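Right, one structure below, let's go through it.
None of the values given here were measured: they were computed from a predicted structure.
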Amino acid sequence: MKYVFFIDTKQRLGGRQKYFLDFAAYLAELKEHEVYFINNHQEEDIKPYIGGCLNFLNLDEVDFNQFEGATFITPINYAFYLLSKISFLRTCKILFYVYDSDCMRRFFAQNAKKVSIENCLSLIKATKCCLFSDGRVFYDTCLKYGFFNKLMLPLATKNISDFPKNLISAEEINLAYINGFNSLDIKAIINLCNSLIKIDINKKINLHLIGSGNWFTKIDQSQYSPKIRFIYAGALDGLYQINYLKNNVDCVVAYENCSLICASASIPVVIPIISSKNQSDNRYVWIYDANEYVYKWDRDNLLFLRNESFSINYIMHEIYINNNKLSVAQKCYEYFLKKANINFVAEQFVE
């Protein structure tokens with residue numbers, strides 16, 4: 001079987017589009033199928049996969065005749081552009097990746113003059129050709145356009161499979177926040193600090209900030225001193241990040257792929273509320289309580305998902321007072337194996 005991942009971007013891939021590439025690369029590593037990735041060549045996108053099994057093709061140079069009988073996968077907003085390239089193929093199959101709640105609206109807005117929305121929806125539903133990135137996107141799409149079959153291509157990552165470590169220190173709290181310090185992250189970090197400063201555990205707190213960007217300069221450290229000490233670790237990737245967390249941190253605050261990577265390495269991880277609004281929400285969700293493959297939410301989405309949430313005080317008590325770091329780490333890892341192990345997701349996709 002040939003699988004062909006198709007996209008047309010002029011800049012580096014990011015977010016769920018980057019995951020689109022990561023998933024294609026992993027599927028290729030299984031070596032049971034030929035897997036191709038078609039895009040305008042971006043050297044920085046391709047570089048990490050050089051020497052691997054994924055076949056990269058430049059969109060301007062592709063001979064689509066070679067893909068008779070193949071299965072194409074593309075974000076739904078590229079559907080008609082892909083169809084214009086492969087309309088002469090008679091036995092191929094197409095799957096549309098719906099990776100955010102606005103994908104379908106953009107798709108119809110771009111093609112409103114070309115197709116009947118009603119006819120197009122009927123065809124999409126009848127052929128069961130949509131893959132949804134998570135339950136929130138699925139339900140939002142159904143709410144706007146009626147019922148679809150619930151076929152998923154959720155966020156996933158590789159199994160690091162490492163054993164959890166005991167507390168870094170009995171005298172201090174070591175907590176990390178991971179992501180790329182943009183304005184939303186800074187609001188979440190400030191909210192975290194405002195909650196940490198009030199916890200009833202008599203220990204100093206080391207807050208390790210891992211990520212790129214200089215937004216952290218907007219944090220007024222003096223109002224949290226001396227209880228909270230800020231440690232800027234910078235941007236860490238791959239095993240460097242995992243080793244740093246294993247050796248310096250007992251619990252991580254993260255979302256999206258960062259939260260899954262921590263869970264895969266048996267590191268306790270909680271997901272915060274991420275919002276553009278200034279917030280005072282002291283609510284965090286253990287990753288193993290996350291529903292519908294959603295790993296990022298604002299206040300309204302948290303209510304919709306009905307995830308059980310806890311205060312940071314409760315979470316720190318679980319780790320440091322009740323001495324449950326190892327059992328929590330195990331729960332996070334078991335959740336990863338069942339829901340976010342890319343090997344499992346790839347097997348489900350092929351089936």
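Remark: side-chain polar atoms of K203 are paired, donor with acceptor, to backbone N or O of A170 under 3.5 angstrom. A side-chain donor-acceptor contact under 3.5 Å links E68 to the backbone of R90. In this structure, the side chain of N194 engages the main chain of I190 through a donor-acceptor pair within 3.5 Å. With hydrogens and angles ignored, the 3.5 Å screen pairs a side-chain donor or acceptor of S195 with a backbone N or O of N191.
Contact of the P164 side chain with the I267 side chain is not registered, since no non-hydrogen atoms from C-beta on lie closer than 4.5 Å. A heavy-atom distance below 4.5 Å is found between the side chains of S266 and K246. Looking only at side-chain heavy atoms (C-beta outward), L151 and Q348 stay at 4.5 Å or farther from each other. Taking 4.5 Å as the limit, every side-chain heavy atom of L57 sits out of range of all side-chain heavy atoms of F37. Contact annotation: the side chain of L167 approaches that of N323 to within less than 4.5 Å [non-hydrogen atoms, C-beta and beyond]. Taking the side chain as every heavy atom from C-beta outward, T157 and I342 never approach each other to under 4.5 Å. Under the 4.5 Å side-chain criterion, counting only non-hydrogen atoms from C-beta, V269 is not in contact with Y288. Using a 4.5 Å heavy-atom cutoff, the side chains of C193 and I189 are in contact.
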Q. Should V294 and N301 be marked as a side chain to side chain contact (heavy atoms under 4.5 Å, CB included) after you check the CA-CA gap, both sets of side-chain angles, and the distance that decides it?
A. CA-CA 10 Å; V294 181; N301 278 311; over 6 Å; no

Q: Might you work through the side chain to side chain donor-acceptor pair (under 3.5 Å) test for D140 and S101, ending with a clear yes or no?
A: CA-CA 6 Å; D140 284 351; S101 297; 2.6 Å; yes

**Q.** Evaluation steps, side chain to side chain donor-acceptor pair (under 3.5 Å), between D289 and N307
**A.** CA-CA 6 Å; D289 287 328; N307 294 334; over 6 Å; no

Q: Assess whether side chain to side chain donor-acceptor pair (under 3.5 Å) is satisfied between Q17 and Y19, documenting all intermediate values.
A: CA-CA 5 Å; Q17 290 185 344; Y19 175 62; over 6 Å; no

Q.
Between N341 and N159, is the side chain to side chain donor-acceptor pair (under 3.5 Å) condition met? List the steps.
A. CA-CA 6 Å; N341 183 353; N159 185 4; 5.4 Å; no

Q: Quick one: do K227 and L196 satisfy side chain to side chain contact (heavy atoms under 4.5 Å, CB included)? Show the steps, please.
A: CA-CA 9 Å; K227 181 146 189 170; L196 281 171; over 6 Å; no

Q: Please report the C-alpha distance between V62 and F67 in whole Å, then the side-chain angles of each, then the deciding distance to 0.1 Å, and finally whether the side chain to side chain contact (heavy atoms under 4.5 Å, CB included) criterion is met.
A: CA-CA 10 Å; V62 176; F67 297 126; 3.9 Å; yes

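Partners of Q330 by side chain to side chain donor-acceptor pair (under 3.5 Å), not counting sequence neighbours, listed by chain and number: E334. In this view, N58 and H41, D60, E61 satisfy the side-chain contact (heavy atoms from CB on, under 4.5 Å) rule, not counting sequence neighbours. Contacts of Y335 classified as side chain to side chain donor-acceptor pair (under 3.5 Å), with partners at least two apart in sequence or in another chain: Y295. Residues satisfying the side chain to side chain donor-acceptor pair (under 3.5 Å) criterion with E29, sequence neighbours excluded, are absent altogether. With sequence neighbours left out, D185 forms a salt bridge (charged side-chain N to carboxylate O under 4.0 Å, His left out) with no residue at all. A28 meets the side-chain contact (heavy atoms from CB on, under 4.5 Å) test with V35, C53, L54; sequence neighbours excluded. Listed by chain and residue number, E318, N324 satisfy the side-chain contact (heavy atoms from CB on, under 4.5 Å) test with N322 (two or more places apart in sequence, or in another chain). Checked against side chain to side chain donor-acceptor pair (under 3.5 Å), D300 has no partners two or more places apart in sequence or in another chain. In terms of the ring-ring contact (aromatic ring centres under 6.0 Å, His included) criterion, F304 has no residue partners (sequence neighbours excluded). Residues meeting the side-chain contact (heavy atoms from CB on, under 4.5 Å) test with S311, sequence neighbours left out: N282, N313, Y314.
Smallest separation of non-hydrogen atoms from C130 and V98: SG-CG2, 4.1 Å. The two residues F20 and I73 have their closest heavy-atom pair at CZ-O, 3.2 Å. For the residue pair C258 and I178, the shortest heavy atom distance occurs at SG-CG2, 3.7 Å. In plain terms, the two heavy atoms of L192 and Y284 that are nearest each other are CA-OH, 3.4 Å.
Of the listed residues (Y81, Y99, F80, Y97), just one forms a ring pair (Phe, Tyr, Trp, His ring centres under 6.0 Å) with F107, and that residue is F80. When the options R105, K296, R106 are evaluated for a salt bridge (Lys or Arg N to Asp or Glu O under 4.0 Å) with D100, the one that passes is R106.
For the atom pair OG of S309 and CD1 of I315, the computed distance is 8.5 Å after rounding to the nearest 0.5 Å. To the nearest 0.5 Å, the span separating CD1 on I173 from CD1 on I228 amounts to 9.5 Å. Atom-to-atom distance recorded for F147:CZ and K125:NZ is 9.5 Å, nearest 0.5 angstrom. In this structure, CD1 on I321 lies 8.5 Å from CD1 on I199, to the nearest 0.5 angstrom.
No more than 12 heavy atoms of other residues, nucleotides or ligands shown are found within 6.0 angstrom of NZ on K204. Counting non-hydrogen atoms of other residues, nucleotides and ligands closer than 6.0 Å to NZ of K2 gives a total above 12. Other residues, nucleotides and ligands contribute over 12 non-hydrogen atoms within 6.0 Å of the OH atom of Y244.
Under 3.5 Å, the side chains of K158 and N343 contain no donor-acceptor pair of N or O atoms.
A salt bridge does not link R283 with E308: none of the charged nitrogens is closer than 4.0 Å to a carboxylate oxygen. For the pair E292 and K339, the salt-bridge criterion is not met [side-chain N within less than 4.0 Å of a carboxylate O]. By the 4.0 Å N-to-carboxylate-O rule, D22 lies close enough to K18 to be salt-bridged with it.
Note: F230 and H208 fail the aromatic proximity criterion, with ring centroids not under 6.0 Å apart. Taking the six-membered ring for Trp and the full ring otherwise, the centers of F349 and Y3 sit less than 6.0 Å from each other.
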Can you list, pair by pair, the side-chain donor-acceptor contacts under 3.5 Å of residues 5-14, counting residues two or more places apart and other chains?
residue	atom	partner	partner atom	Å
D8	OD1	N40	ND2	2.5
T9	OG1	Q11	O	3.4
T9	OG1	N39	OD1	3.4
T9	OG1	N39	ND2	2.9

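By the 6.0 Å and 45° rule, K85 does not stack over the aromatic ring of F64. Judged by the 6.0 Å and 45° rule, K150 forms no cation-pi pair with F132.
Cluster partners of I242, by chain and number: I160, I261. The rule joins Ile, Leu, Val, Met, Phe, Trp and Tyr whenever side-chain heavy atoms lie under 4.5 Å apart.
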